[in-house]
There are 4 protein chains.
Amino acid sequence: MTFESDYTQGAHPKILERLVETNMVQESGYGADSFCKSAQEKIRAALGNDSAQITFISGGTQANQIVLDSLARPFEGIVAATTGHINCHEAGAVEFTGRKVLAIPSHDGKIRAGELLKFIEDFESDGSREHMVFPGPVYISFPTEYGTLYSKKELSEIHEVCESRGMPLFIDGARLGYGLASDSCDISIKDLSSLCEAFTIGGTKVGALCGEAVVFTKGNEPAHFQNFVKKHGALMAKGRLMGVQFDTLFTDDLYLKISRRAIENAMLMKEGLSRMNFEFLIDSPTNQQFVILDEEFAKKLAKEIGFSVWEKCGNGKIAVRFATSWATEREEVERLLSAIERLR
Amino acid sequence: MTFESDYTQGAHPKILERLVETNMVQESGYGADSFCKSAQEKIRAALGNDSAQITFISGGTQANQIVLDSLARPFEGIVAATTGHINCHEAGAVEFTGRKVLAIPSHDGKIRAGELLKFIEDFESDGSREHMVFPGPVYISFPTEYGTLYSKKELSEIHEVCESRGMPLFIDGARLGYGLASDSCDISIKDLSSLCEAFTIGGTKVGALCGEAVVFTKGNEPAHFQNFVKKHGALMAKGRLMGVQFDTLFTDDLYLKISRRAIENAMLMKEGLSRMNFEFLIDSPTNQQFVILDEEFAKKLAKEIGFSVWEKCGNGKIAVRFATSWATEREEVERLLSAIERLR
Amino acid sequence: MTFESDYTQGAHPKILERLVETNMVQESGYGADSFCKSAQEKIRAALGNDSAQITFISGGTQANQIVLDSLARPFEGIVAATTGHINCHEAGAVEFTGRKVLAIPSHDGKIRAGELLKFIEDFESDGSREHMVFPGPVYISFPTEYGTLYSKKELSEIHEVCESRGMPLFIDGARLGYGLASDSCDISIKDLSSLCEAFTIGGTKVGALCGEAVVFTKGNEPAHFQNFVKKHGALMAKGRLMGVQFDTLFTDDLYLKISRRAIENAMLMKEGLSRMNFEFLIDSPTNQQFVILDEEFAKKLAKEIGFSVWEKCGNGKIAVRFATSWATEREEVERLLSAIERLR
Amino acid sequence: MTFESDYTQGAHPKILERLVETNMVQESGYGADSFCKSAQEKIRAALGNDSAQITFISGGTQANQIVLDSLARPFEGIVAATTGHINCHEAGAVEFTGRKVLAIPSHDGKIRAGELLKFIEDFESDGSREHMVFPGPVYISFPTEYGTLYSKKELSEIHEVCESRGMPLFIDGARLGYGLASDSCDISIKDLSSLCEAFTIGGTKVGALCGEAVVFTKGNEPAHFQNFVKKHGALMAKGRLMGVQFDTLFTDDLYLKISRRAIENAMLMKEGLSRMNFEFLIDSPTNQQFVILDEEFAKKLAKEIGFSVWEKCGNGKIAVRFATSWATEREEVERLLSAIERLR
């Protein structure tokens, strides 16, 4: 049994069912199939945004790279938290397409509107600015890499700063469902379109075998975007694979329902660990819990249960991550908690 | 019913079965799962090549872009037929990573060893060569974009030219199975490793939902290749999706068996059309058949049966493509032939 | 004595004089100096185009790379003759910035409006066009790499095709002066702004130590173009070096006067060679003359006089290039002709 | 009169003299001329390094971009100080070629061996390192962007860290002369080859009209480096322009002599300002002096004398830069000091 990540298991059974059911239906390739169209329609409905333009991309790094490359003008870089996924854990995929990441401070994974504004103003008042990379699209993740969430107010303030400068805001929603389903979240899926210029709806970590839905929220999809995707090597011949999956995820609110289950199990875990007086690296309201353990204890636990080592904390302590997912069972969390209880 | 391409349907049922069976097994991400490992083992066995290094990539253009970018030295471009997929139909994905495609003549989709050598010698004797793009990795497709095949002799000769100059040969095997299974093919899958430095085993068009296996044949996989794949945006979190599929395709020779079926149906179609005295644009021994039709007749036929328009031939004639696939039923070909008979 | 190229000598003496005179004047860097401003003013006057925007770049390949990269949209490649400098002799500099060169037929170095239109129409009617590189900016050289010239009619027709599709036309004027000064040229420098969206005025081969003036003809210089130039690594700290040179070249019509002298000497050479019944590879009206020689004779001549070997012609013949320049003296041509007379 | 930078004036008179003298000599292009060869020979002699490989590039950003792009392996980024020129003031030129800049702390412009090692070790022990950009070539500047210098011990320690990991060390010597000529410098030009894998000898800011000499110190110049330079758009047709300049700068020790003069004048200025009790932002032993002024006073001074505004210091204070150069006269510094004395 492992809690090492939220991508250790396959797909939600309903997705597999639909893949089996639709398997022999003949459809055109490259996203022109009826499943993609239906999925796009359902996502538009869920967003309450008729003018949303939706493209399915196989993975999250690919989606980030493509969207940011498409949004940035030639003189612009991408503003992101120092801890942002694009800045740390995408092997330089954004720079590979020629774009500098301009890192600003991270607070438990989040950037702050005020600091963003200060960064922009410093740039604007710098006499050497024509020799510098201009701040362009702003990248944030929701939830962040540390499981934290922006409040609606925080996000609105960031977006206002962006709008004041014509800088598009992009939200990496690789775990979007786990953010929206959190008790601490005051943002609904219908709010997203007005809060940013583009975002992704992560499938890979939320019930799908693969796939992220890229959403341009304001009819602002770049011209010939499919060609752009192809140029990046990312156009899938059997677009239906993503179409069927997202169609299923956006039928009967499945995406949010399974996200909710992951959150309930994460909260069960969090409460259990709190009760046992474990400290947390970060107070995360989502499916990733970062707990501080004695290294010795961690080693013992690792023999029974999988988790990720996050970082060293000094004094013989380490922070580890336990992640729940759409697939986590309540019983698994209970087994985790008893194992911890027993072994500590 | 459509014959427009070989990617109109989902996956071979055995693949779906295996996806369902293995769905809840917990595995690590990014290709470190047991399915990928098993698939790699089986592919190595099928190739009879213990030192083959195998990576799974979600799509063909992505695989071509990544492998060629990894094989070319800074001063080299990619040599390919004018009709090569990378030169025509990948939206400039190879150039997007900074590599020029150096096009040489195509003969029904194939390049010739003699012309390749001539091209290299002309370059070598050109006084301006330090201002030119050096010929580097050679790209060929097998079968070609026109369904044709290289004989073992032809391929050996091309490879010898490449070897004489230290230029790696890469074979795009997006439809590899349909080549190997053809009656006209004198190359076995075990021959491939000695005939090139890298090739792909196409899954997307041969029974999989998605996925190409990239094979470096001689322990020549570039250092930190996974990182390279990630930088290109192409590393899939649930590598298992490809692992399970290729593991299935390489169990009990499924890959070649289903390819064989596509070829049998293509030959049935070819014979039927020949019997009705249709002319062919190209004499293809594989699953793509390029037939010349009267435009008027093509329009009538298109109301009943799907196919791809390939090119105009003048005089009211057009060339169209009928493709069979692993999923094509004998009855479908028979229905196609009767429809043609009836409508002409 | 050599005629191998038009860049074998330094700069026109007036340029050196001005460099010496202005040497200790203190000026700001990066093109903000008074010499650049004055040069820009004079070029605008020479072009009769107040809205021309002018930037100085140190070399021709750099200028081509930067301008084409700035003009192409993400889905576009660069259309050029197969013989175009960017396609053959710039080491893939255009592809290095991610842009495919789409080569169309060359007729003695020139493309034809009709063939360009046909190429575009074929693209437009191709069902796979979203998987292809779109035709974008069109690159031509004037004079061409073979010394030939477009007539005003030919250039207008090409430009009309471009305009009909919103494709910018770019003229590589590395040897612009030698084109404009030719007797065969019916285009004046004042015509250029209406005939294309951007062009370069070559300095390196026409009297300067280095430098090309990039002209955007219609207020269409991309936003923050200086930043774009810097990103390409091409912004010179001492922009004055180019400013002083172009200011001098565009004072008292020096640019055209020295070009004219090169043409007169080239025509003297051409007539002399014709009189001696030499054949020409191409009938060039500009400063580059391509002559067919017996290989044996060429070897003898090479011991006395420098020239470039262009290509083999078979039957013991080769084509060689003799180039005159702004620096060529009438006596030098006469010496060349007598040497040839004497040695043949 | 301005001290705004060290590139406000043309070239050292001896360089202009040589340009005039050699102007009509006929030479081959692209660096194959006798002046480049002679300059290379003299630089090798000055370095005491027979195997040094030297290429001339027109500008510093271009040189940095090209060398770093040539040294980095596909999975590597460039390690630099947060304040490094490539990280701040080159418009993202390094990222434009696909390379991430990995910024580590700056101490008055310098990195520390210990912190570099810590950065590498953190990377090496990071479980996610295959998803990260690997530390590759290390970029430092000498003098730094703040005019400071590494001691021989500091540089040796950094180089040892690099060597322990096979990471090449590159020194940006845009102002190399002003570093070597400083009283505080314990590194000689002969030391450089053993202390790094590549460096540049800046001409643009040290007496030349343009040009940087790129030195690969250990026979480690990448294969076909000229082609690489061309691909970057940076190969100059009249390489002689740089050849003549560097040949002059390395004749009779001119490069160091003129650098020395700039330092003497900078020290005169520093002492004068110290005597008047001005505070310095940084204690710089080279030609750039960063002084803290009252904003009001700075405004008054700016009406008489040019300087660069560096940064705001709060409390009505700003830091400004006064730079001397090879061209600065003692009298100019004296005039600056009296003006300051008079106006304060």
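Each chain gets a letter, A, B and so on, in the order its sequence line appears, and its residues count up from 1.
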Taking atom types as modelled and ignoring hydrogens, do the side chains of C/T61 and D/K230 form a donor-acceptor contact shorter than 3.5 angstrom?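 Their side chains do contain a donor-acceptor pair, which is all the 3.5 Å distance test asks for.
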Is chain D contacted by the side chain of [X], its backbone, both, or neither, given a heavy-atom distance below 4.5 Å?
X: C/E4; value: side chain
X: C/Q26; value: both
X: C/L16; value: side chain
X: C/A63; value: neither
X: C/M236; value: side chain
X: C/S5; value: neither
X: C/Y30; value: side chain

Of the listed residues (C/L235, C/N64, C/L241), which shares the most heavy-atom pairs with chain D below a 4.5 Å separation?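 Highest number of pairs under 4.5 Å: C/L241.
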Just so I understand: if I count every heavy-atom pair under 4.5 Å between each of C/V25, C/T22, C/V229, C/V94 and chain D, which residue has the most?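 Among C/V25, C/T22, C/V229, C/V94, the one with the most close pairs to chain D is C/V25.
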Please indicate whether D/K257 has more than 12 foreign heavy atoms, meaning atoms of other residues, nucleotides or ligands, lying under 6.0 Å from its NZ. yes
As an exercise: rank [options] by heavy-atom pairs under 4.5 Å with chain C and give me the winner.
options: D/S28, D/G59, D/G60; value: D/S28
options: D/E95, D/R240, D/E17, D/E90; value: D/R240
options: D/Q62, D/M1, D/Q65; value: D/Q62

How long is the span from the [atom1] atom in [X] to the [atom2] atom in [Y], to the nearest 0.5 Å?
X: D/M24; Y: C/T8; atom1: CE; atom2: OG1; answer: 8.5 Å
X: C/T97; Y: D/H232; atom1: OG1; atom2: NE2; answer: 11.0 Å
X: D/F96; Y: C/K231; atom1: CZ; atom2: NZ; answer: 5.0 Å
X: D/N23; Y: C/Q9; atom1: CG; atom2: CD; answer: 8.0 Å
X: D/C210; Y: C/M242; atom1: SG; atom2: CE; answer: 8.0 Å
X: D/Q245; Y: C/L209; atom1: CD; atom2: CG; answer: 8.5 Å

Donor-acceptor check, side chain of C/K238 to backbone of D/Y7, threshold 3.5 angstrom: yes or no?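 Such a contact is absent between C/K238 side chain and D/Y7 backbone.
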Check each atom of D/E27 against the heavy atoms of chain C and say whether the ones under 4.5 Å are side chain, backbone, both or neither.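 Both backbone and side chain.
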Tell me, for D/V20 versus chain C, whether the close heavy atoms (under 4.5 Å) come from the side chain, the backbone, both or neither.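 Its backbone and side chain both get close to chain C.
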